[in-house]
Amino acid sequence: MILKIRKYHITDLSSIYRICLRTANNGSDATSLLDDPDLPGHIFAAPYAIFEPNLCFILSKDSIPSGYILGTQNSLDFQKKCDAKWFPELQNRYRIPDKNDESLQANLIRYLRKKKKLINSLDKYPAHLHIDILPIVQGMGYGRKLIERFFDQLRSLNVQGVHLVVSKSNKKAIGFYKKVDLKILKTHGESIVFGKRL
């Protein structure tokens with residue numbers, strides 16, 4: 001087995017969608033929970049790869065993409081770009097779910113349609129990231145290597161800090177973020193905000 005971290009290429013986009021789907025249920029496979037398998041990738045992965053490909057790195061196993069890290073160097077600018085160029089089309093595509101529908105798909109659509117508010121008091125942590133790794137390549141130290149590669153790229157861009165948001169129910173991810181020296185900055189509803197000064 002050959003594991004390698006490399007820069008993102010546009011031909012990786014479909015793989016990013018696939019990996020995002022297979023980790024969208026708090027780190028587990030969401031394939032059976034969604035009518036539209038592209039929905040998680042539309043929200044949490046593709047806009048980063050499209051708008052900031054220089055901050056997207058792929059973990060491949062025997063040349064097959066099996067994980068990624070991606071993000072933005074400036075959360076405010078990125079949000080403005082998505083609000084103008086990405087989310088409107090998707091918001092028109094999906095119907096508002098029934099208020100009693102608590103399925104993963106319904107909750108993702110609500111998230112997509114909701115006006116995004118940046119978390120306050122994160123001025124020192126302007127960048128943010130998403131990292132997803134398939135189980136087949138977990139536990140081999142490559143999550144940490146992806147994080148380090150991403151942080152090095154942020155430093156080269158003179159970014160001073162980075163944050164991420166994770167669900168309180170995603171215990172495995174929370175443990176991982178603590179292990180790679182990210183600090184809990186605050187709680188935000190059902191989520192925990194981690195951060196690191198660079």
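What you see below is based on every heavy atom in this structure, not just the backbone, and it leaves out hydrogens, waters and symmetry mates.
Side-chain atoms of Asn170 come within 3.5 Å of backbone N or O of Ala173 as a donor-acceptor pair. Here the side chain of Glu102 pairs no donor or acceptor atom with the backbone of Asn100 at under 3.5 angstrom. In terms of modelled atom types and a separation under 3.5 Å, the side chain of Ser75 and the main chain of Pro126 share a donor-acceptor contact. Without hydrogens or angle criteria, Gln105 side chain to Leu33 main chain gives no donor-acceptor distance under 3.5 Å. At least one donor-acceptor pair under 3.5 Å links the side chain of Glu52 to the backbone N or O of Gln73.
Across Asn107 and Arg110, no two heavy atoms sit closer than the pair OD1-NH1, 2.7 Å. Considering every non-hydrogen atom in both Ile19 and Thr23, the closest pair reads O-OG1, 2.9 Å. The two atoms that bring Cys82 and Pro88 nearest to each other are O-CD, 3.7 Å, heavy atoms only. Shown here for Leu13 and Ala49, the closest heavy-atom pair between the two residues is CD1-CB, 4.2 Å. Ile174 approaches Ser167 most closely through the heavy-atom pair CD1-O, 3.7 Å. Contact record, Ala45 with Leu70: O-CD2, 3.7 Å, taken as the closest heavy-atom pair.
Side-chain contact between Ile147 and Ile69 is present, with at least one heavy-atom pair separated by less than 4.5 Å. Two residues are said to be in side-chain contact when any heavy atoms from C-beta on lie closer than 4.5 Å; Ser15 and Tyr68 fail this criterion. Within the 4.5 Å cutoff, side-chain heavy atoms of Leu157 are placed close to those of Asn54. Residues Phe194 and Lys186 fail the side-chain proximity criterion, which asks for heavy atoms closer than 4.5 Å. Between Leu164 and Tyr177 the shortest side-chain heavy-atom distance falls below 4.5 Å. Leu76 has its side chain within reach of Lys80: a pair of non-hydrogen atoms, C-beta onward, lies under 4.5 Å apart.
Atom CD1 of residue Ile109 and atom NZ of residue Lys114 lie 15.0 Å apart, to the nearest 0.5 angstrom. Note: Asn25 CG to Thr31 OG1 = 10.0 Å, rounded to the nearest 0.5 Å. Here the NE2-OG1 distance, from His130 to Thr72, works out to 10.0 Å after rounding to the nearest 0.5 Å. We find the CD-CG distance between Gln160 and Asn158 to be 7.0 Å, quoted to the nearest 0.5 Å. Taken from CG in Leu146 to CD1 in Ile5, the straight-line distance is 4.0 Å, to the nearest 0.5 Å. Atom CZ of Phe78 is separated from atom CG of Asp83 by 10.0 Å, given to the nearest 0.5 angstrom.
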Decide yes or no on salt bridge (charged side-chain N to carboxylate O under 4.0 Å, His left out) for Asp152 and Arg155, but give the supporting numbers first.
CA-CA 5 Å; Asp152 285 344; Arg155 290 185 187 102; 3.0 Å; yes

Yes or no on side-chain contact (heavy atoms from CB on, under 4.5 Å) for Lys196 and Lys183, after CA distance, side-chain angles and deciding distance?
CA-CA 6 Å; Lys196 184 177 179 68; Lys183 307 298 181 190; over 6 Å; no

Please report the C-alpha distance between Trp86 and Ile50 in whole Å, then the side-chain angles of each, then the deciding distance to 0.1 Å, and finally whether the side-chain contact (heavy atoms from CB on, under 4.5 Å) criterion is met.
CA-CA 10 Å; Trp86 189 258; Ile50 289 168; 3.5 Å; yes

Can Leu129 and Phe151 be said to form a side-chain contact (heavy atoms from CB on, under 4.5 Å), step by step?
CA-CA 10 Å; Leu129 68 88; Phe151 288 175; 3.9 Å; yes

Determine, step by step, whether Tyr125 and Asp123 satisfy the side-chain contact (heavy atoms from CB on, under 4.5 Å) criterion, reporting the C-alpha distance in whole Å, the side-chain angles of both residues, the deciding distance to 0.1 Å, and the verdict.
CA-CA 5 Å; Tyr125 308 89; Asp123 295 347; over 6 Å; no

Tell me which donor-acceptor pairs under 3.5 Å the side chains of residues 55-66 have, and how far apart each pair is, sequence neighbours excluded?
residue	atom	partner	partner atom	Å
Ser60	OG	Lys4	O	3.4
Asp62	OD1	Ile2	N	2.7
Ser66	OG	Ile64	O	3.0

Acceptor/donor pairs from residues 36-44 side chains to any protein atom, 3.5 angstrom cut, sequence neighbours excluded:
residue	atom	partner	partner atom	Å
Asp36	OD1	Asp38	N	2.9
Asp36	OD2	Tyr94	OH	2.5
His42	ND1	Tyr17	OH	2.8

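Note on Asp12 versus Arg18: no salt bridge recorded, every NZ/NE/NH1/NH2 to OD/OE distance being 4.0 Å or above.
Crowding of Ile96 atom CD1: a count of heavy atoms from other residues, nucleotides or ligands under 6.0 Å not exceeding 12. Residue Arg95 places its CZ atom among 12 or fewer non-hydrogen atoms of other residues, nucleotides or ligands, all under 6.0 Å distant. Counting non-hydrogen atoms of neighbouring residues, nucleotides and ligands closer than 6.0 angstrom, the CD1 atom of Ile184 exceeds 12 such neighbours. Residue Lys7 places its NZ atom among 12 or fewer non-hydrogen atoms of other residues, nucleotides or ligands, all under 6.0 Å distant.
Listed by chain and number, the residues in a side chain to side chain donor-acceptor pair (under 3.5 Å) with Ser14 amount to none (sequence neighbours excluded). Applying the salt bridge (charged side-chain N to carboxylate O under 4.0 Å, His left out) test to Glu89 and every residue at least two apart in sequence or in another chain returns Arg93. Among residues two or more places apart in sequence or in another chain, the salt bridge (charged side-chain N to carboxylate O under 4.0 Å, His left out) test is passed with Asp181 by none.
Pairs engaging residues 138-151 under the side-chain hydrogen bond (donor to acceptor under 3.5 Å, both in side chains) rule: Gln138-Lys172 [sequence neighbours left out].
The aromatic rings of His128 and His163 sit tilted relative to each other, their planes meeting at an angle between 30° and 60°.
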